[in-house]
Amino acid sequence: RVRCGCVLWCEQKSCFCRGFARASLAMLFAGQKVLARREPDDPELALAEVKSVDDDLTRCDIRFVESGFLRTQCHISEITIQDPDYDAEIKPRLPPLPEDPKHADDEKSAFVGRFKDVGNALFKEGRHMWAVRTYTDGLHLLQRNCYDQPDEIFFDASVHNVCVALCSNAALCALKMEQYDISLAL
């Protein structure tokens, strides 16, 4: 599970645009399975499917699987990505964090490079939604675990090229899915 929300919004910057990027939000596409609350103050999470994402990528409409209830304008900070098929099939192909993530330049590059390779394989298979998730997960994990400050990732020459590739590949996947706003934001 990956928690989407304000924390990721503030921590992830794009290689291609000024200001805050929406790379962490790129995982929200129509058809994506998520966990959400039927009402904002409801303590229980339930399985839902994203029906649409608004133009500024901060709100979406979701339909709950069991009840069929449609919740409109749900803020992305209230959603948890939940895709058991991805977790079972893709997560085992992804590497663990390096032993000493803040000091192992070669390991950082290999770590994020593996996410790129898995994402590329998913892209070739036409599984664009999963490819976007893989690319952005790699960036996010590297950024959160290997640097003291999130912006440091963009000044580390050892991972710069692969990070640029992850951003551009995720944007290409969004284009393939006709998610133009998300592609532009990446």
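Excluded from the calculations below are hydrogen atoms, water molecules and symmetry mates; all remaining heavy atoms, backbone and side chain alike, are included.
Closest of all the heavy-atom pairs between G113 and V162 is CA-CG2, 3.9 Å. Summarising the geometry of Y86 relative to T134, their closest heavy-atom pair is OH-OG1, 2.9 Å, with the distance given to 0.1 Å. Of all the heavy atoms in A170 and V132, the pair that sits closest is O-CG2, 3.7 Å. Taking both residues in full, the closest heavy atoms of C173 and F123 are given as SG-CD1, 3.5 Å, listed atom of the first, atom of the second, then distance. Heavy-atom minimum distance, R93 versus V118: O-CG2, 3.8 Å. Of all heavy-atom pairs spanning L175 and S183, the tightest one is CG-OG, 3.2 Å.
Looking at R114, its side chain never comes within 3.5 Å of a backbone N or O of P96 through a donor-acceptor pair. Side chain of R38 to main chain of F64: no donor-acceptor pair is present (N/O by atom type, distance under 3.5 Å, no hydrogens or angles). Panel note: side chain Y135, backbone G119; a donor-acceptor pair is recorded below 3.5 Å. With hydrogens and angles disregarded, a donor-acceptor distance shorter than 3.5 Å links the side chain of R63 to the backbone of G68.
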Pair N145, F111 - check side chain to side chain contact (heavy atoms under 4.5 Å, CB included), show working. CA-CA 12 Å; N145 296 293; F111 170 76; over 6 Å; no
Q | Trace of the side chain to side chain contact (heavy atoms under 4.5 Å, CB included) decision for E39 with F69 | A | CA-CA 11 Å; E39 298 296 332; F69 176 75; 3.8 Å; yes
Item to complete: Under the side chain to side chain contact (heavy atoms under 4.5 Å, CB included) rule, what do W130 and E89 come out as? Steps first, then yes or no, please.
Response: CA-CA 11 Å; W130 281 7; E89 184 178 342; 3.6 Å; yes
(message) Set out, in order, the CA-CA distance, both residues' side-chain angles and the distance that settles side chain to side chain contact (heavy atoms under 4.5 Å, CB included) for I62 and K51, then state yes or no.
(response) CA-CA 5 Å; I62 55 175; K51 290 301 182 187; over 6 Å; no
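In this structure, L142 CG and C163 SG are separated by 5.0 Å, a value rounded to the nearest 0.5 Å. Atoms CG and CE, on L172 and M177 in that order, are 10.0 Å from each other to the nearest 0.5 Å. The CD atom of Q143 lies 7.5 Å from the CG atom of L139; values are rounded to the nearest 0.5 Å. Annotation: the span from L122 atom CG to M129 atom CE amounts to 12.0 Å, rounded to 0.5 Å. The distance from atom CZ of R71 to atom CZ of R59, rounded to the nearest 0.5 Å, is 8.5 Å. With values rounded to the nearest 0.5 angstrom, L166 atom CG is found 11.0 Å from N161 atom CG.
Atom CG of D106 is surrounded by 12 or fewer heavy atoms from other residues, nucleotides or ligands within 6.0 Å. No more than 12 heavy atoms of other residues, nucleotides or ligands shown are found within 6.0 angstrom of CD on E44. Atom CD of Q73 has more than 12 neighbouring heavy atoms from other residues, nucleotides or ligands inside a 6.0 Å radius.
L70 and V34 fall into different hydrophobic clusters, defined by Ile, Leu, Val, Met, Phe, Trp and Tyr side-chain heavy atoms under 4.5 Å apart, directly or through other members. Grouping the Ile, Leu, Val, Met, Phe, Trp and Tyr side chains by contacts below 4.5 angstrom, directly or via other members, places V65 with L35.
A 4.5 Å side-chain heavy-atom check between K116 and N120 finds at least one atom pair inside the cut-off. Looking at heavy atoms from C-beta onward, H140 lies out of side-chain contact with F115 at the 4.5 angstrom threshold. Here the side chains of Q149 and F155 are not in contact, with every heavy-atom distance at 4.5 Å or above.
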